[in-house]
Amino acid sequence: MSKQKVIVRDISWLSFNSRVLQEADDDTVPLRERIRFLGIFSNNLDEFFRVRVATLKRMIEIGANKANMHLEASPGRILHDIQEKVFQLQKDFDRIWNEILRDLKKEKILLLTDTQLNKEQQKFIVNYFDEEIRSNIVPLMIESIQSFPTLSDKSIYLACKLSKADKSIPERFALVSVPARRLSRFVILPSKENEHHIILLEDVIRFCLPFIFSFFGYDVFSAHIIKVTRDAEIDIDNDVSTSLMEKIEKGIRNRKKGKPVRFVFDKEIDPSLLI
């Protein structure tokens with residue numbers, strides 16, 4: 001009898017999530033639902049990194065091997081296979097998203113960037129920023145703080161580079177948290193009749209960077225999305241003086257400070273922002 005091939009649990013889970021991606025790739029599914037499936041895929045993948053990838057990294061740190069952890073392969077090998085699988089899934093995600101954008105365009109629904117706005121839309125964006133966004137963001141000048149801030153899990157940031165066209169003052173760097181959990185990620189713009197124009201929240205902020213940082217004397221701005229996924233496993237300490245409930249509460253609070261397990265950034269990001 002031939003030996004059956006055993007598929008590693010984590011790779012099997014990624015294959016399950018690829019089925020969600022296949023739903024987004026199905027052009028018989030309504031466009032709204034295809035976008036929802038992309039969102040579900042992304043949320044699933046984030047949770048996979050928070051729990052499963054974080055656990056594998058912990059195994060490597062403590063020197064766990066497949067014999068005592070009942071794994072089908074070493075944690076290091078599994079992580080390597082995960083990286084290859086996720087890389088391919090992300091390529092599929094980008095392809096599907098671009099196809100959805102083309103299909104939306106056929107329906108006269110256009111997703112604009114901060115460089116594609118007409119005068120009316122630019123005025124609308126500035127007003128929207130002043131009324132809805134400004135009070136929900138706290139820009140951080142990196143050089144003005146003692147240590148690099150802890151980036152929150154489940155949040156996205158704009159990593160900003162500020163410079164002067166005539167190079168009369170040194171470049172500086174800043175972070176702006178995109179308030180996507182408090183405001184809609186999609187902002188509806190004034191549009192032509194029979195058309196629907198939309199812009200992403202981060203592009204609204206990107207367009208308004210001059211209004212945020214101009215008082216520093218800069219006139220050239222660039223910004224790129226970054227995102228950190230953190231270890232979400234709960235650590236329960238052995239302090240006998242605290243109750244189980246207190247230990248759990250402390251463990252949940254510490255989840256926000258878990259070790260980073262993934263760092264995602266715009267492929268067009270300025271290299272100086274990654275140093």
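FYI, the numbering just counts along the sequence from 1.
Between E47 and R50 a salt bridge is recorded (basic side-chain N to carboxylate O distance below 4.0 Å). Ion pair E33/R36 flagged as a salt bridge, since at least one NZ, NE, NH1 or NH2 atom sits closer than 4.0 Å to an Asp/Glu carboxylate oxygen. D81 has a carboxylate O that lies under 4.0 Å from a charged side-chain N of R77, or vice versa, which qualifies the two as a salt bridge. For the pair D46 and K227, the salt-bridge criterion is met [side-chain N within less than 4.0 Å of a carboxylate O]. Using a 4.0 Å cut-off between charged side-chain N and carboxylate O, R34 and E23 make no salt bridge. For D231 and K57, the salt-bridge test fails: no basic side-chain N is under 4.0 Å from an acidic carboxylate O. K105 has no carboxylate O lying under 4.0 Å from a charged side-chain N of E195, or vice versa, which leaves the two without a salt bridge.
Just one residue in the list K108, Q116, K192, Q121 forms a side-chain hydrogen bond (donor to acceptor under 3.5 Å, both in side chains) with H197, and that residue is Q121.
Counting all heavy atoms, side chain and backbone alike, N44 lies closest to W13 at O-CH2, 3.2 Å. Smallest separation of non-hydrogen atoms from F49 and V261: O-CG2, 3.4 Å. The two residues K164 and Y218 come nearest to each other via the heavy atoms N-CD2, 3.9 Å. Considering all non-hydrogen atoms of both residues, L112 and D203 come closest at O-OD2, 4.1 Å. Taking all atoms of both residues into account, the shortest heavy-atom contact from A24 to I96 is O-CG2, 3.5 Å. The two residues I225 and I156 have their closest heavy-atom pair at CD1-CD1, 4.3 Å.
In this structure, D219 contributes its side chain and A165 its backbone to a donor-acceptor pair below 3.5 Å. The main-chain N or O of L151 is found under 3.5 Å from a side-chain atom of R230 such that the two form a donor-acceptor pair. With Q122 contributing its side chain and L117 its backbone, the two residues share a donor-acceptor pair below 3.5 Å. In this structure, the side chain of S12 does not engage the main chain of V8 through any donor-acceptor pair within 3.5 Å. Without hydrogens or angle criteria, D26 side chain to Q22 main chain gives no donor-acceptor distance under 3.5 Å. Using a distance-only test at 3.5 Å, with no hydrogens or angles considered, a donor-acceptor pair links the side chain of S191 to the main chain of L189. Judged by distance alone, the side chain of S18 and the main-chain N or O of L21 form no donor-acceptor pair under 3.5 Å.
Between atom CG of residue N43 and atom CG of residue N17 there is a gap of 10.0 Å, rounded to the nearest 0.5 Å. In this structure, CD1 in I11 is found 7.5 Å from NZ in K85, a value given to the nearest 0.5 Å. Interatomic distance, CD1 of I205 versus CD1 of I199, reported as 10.5 Å (0.5 Å rounding). Atom CD1 of I269 sits about 13.5 Å away from atom NZ of K267, to the nearest 0.5 Å. The CZ atom of R182 lies 10.0 Å from the CD1 atom of I137; values are rounded to the nearest 0.5 Å.
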### Message
Would L175 and L158 count as a side chain to side chain contact (heavy atoms under 4.5 Å, CB included) here? Give the steps.
### Response
CA-CA 6 Å; L175 277 178; L158 280 174; over 6 Å; no
### Message
What verdict does the side chain to side chain contact (heavy atoms under 4.5 Å, CB included) test give for K161 and F221, after you've listed the backbone C-alpha separation in whole Å, the side-chain angles of each residue and the deciding distance to 0.1 Å?
### Response
CA-CA 6 Å; K161 179 179 178 180; F221 307 91; over 6 Å; no
#### Entry: Chi angles and distances behind the side chain to side chain contact (heavy atoms under 4.5 Å, CB included) call for R9, R52
CA-CA 10 Å; R9 175 178 65 169; R52 290 305 309 156; 2.7 Å; yes
### Query
E202 and R185: salt bridge (charged side-chain N to carboxylate O under 4.0 Å, His left out), yes or no, with the steps?
CA-CA 8 Å; E202 55 263 35; R185 186 80 182 276; 2.7 Å; yes
### Task
Just do the side chain to side chain contact (heavy atoms under 4.5 Å, CB included) check on L162 and L209 with the steps written out, would you?
CA-CA 9 Å; L162 320 177; L209 287 178; 5.8 Å; no
### Query
When you look at K259 and E61, which way does the salt bridge (charged side-chain N to carboxylate O under 4.0 Å, His left out) test go after all the steps?
CA-CA 12 Å; K259 291 183 178 180; E61 288 179 0; 3.5 Å; yes
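The side-chain heavy atoms of C160 and V176, taken from C-beta on, include a pair separated by under 4.5 Å. Considering only heavy atoms from C-beta on, L110 stays 4.5 Å or farther from L104 through its side chain. With contacts defined as side-chain heavy-atom distances shorter than 4.5 Å, the pair I125/C208 qualifies. With a 4.5 Å cut-off on side-chain heavy atoms, L200 and F186 count as touching. S177 is not listed as a side-chain neighbour of V138, based on a closest heavy-atom distance of 4.5 Å or more. Counting only heavy atoms from C-beta outward, the side chains of K123 and P190 never approach each other to under 4.5 Å. The shortest distance between side-chain heavy atoms of I133 and L201 falls below 4.5 Å. Taking the side chain as every heavy atom from C-beta outward, I100 and L38 approach each other to under 4.5 Å.
F207 and I188 fall into different hydrophobic clusters, defined by Ile, Leu, Val, Met, Phe, Trp and Tyr side-chain heavy atoms under 4.5 Å apart, directly or through other members. Under the 4.5 Å side-chain heavy-atom criterion for ILVMFWY residues, no single connected hydrophobic cluster contains both F211 and V220. In this structure, F16 is a member of the same hydrophobic cluster as F48, with clusters built from ILVMFWY side-chain heavy atoms closer than 4.5 Å. Hydrophobic clustering keeps V264 apart from Y157 (ILVMFWY residues linked when any side-chain heavy atoms are closer than 4.5 Å, directly or through intermediates).
Cation-pi geometry between R134 and F129 is not satisfied (NZ or CZ under 6.0 Å from the ring centre, within 45° of the ring normal).
Looking at H224 and E268, their side chains never bring a donor and an acceptor atom within 3.5 Å of each other. Q88 and D92 share a donor-acceptor pair across their side chains, judged by distance under 3.5 Å alone. Judged purely by distance below 3.5 Å, without hydrogens or angles, the side chains of R206 and T113 never pair a donor atom with an acceptor atom.
More than 12 heavy atoms of other shown residues, nucleotides or ligands fall within 6.0 angstrom of atom CD1 in I169. The local environment of NZ in K154 is sparse, with at most 12 non-hydrogen atoms from other residues, nucleotides or ligands closer than 6.0 Å.
Aromatic rings of F213 and F215 (six-membered ring for Trp) have centroids beyond the 6.0 Å cut-off, not under it.
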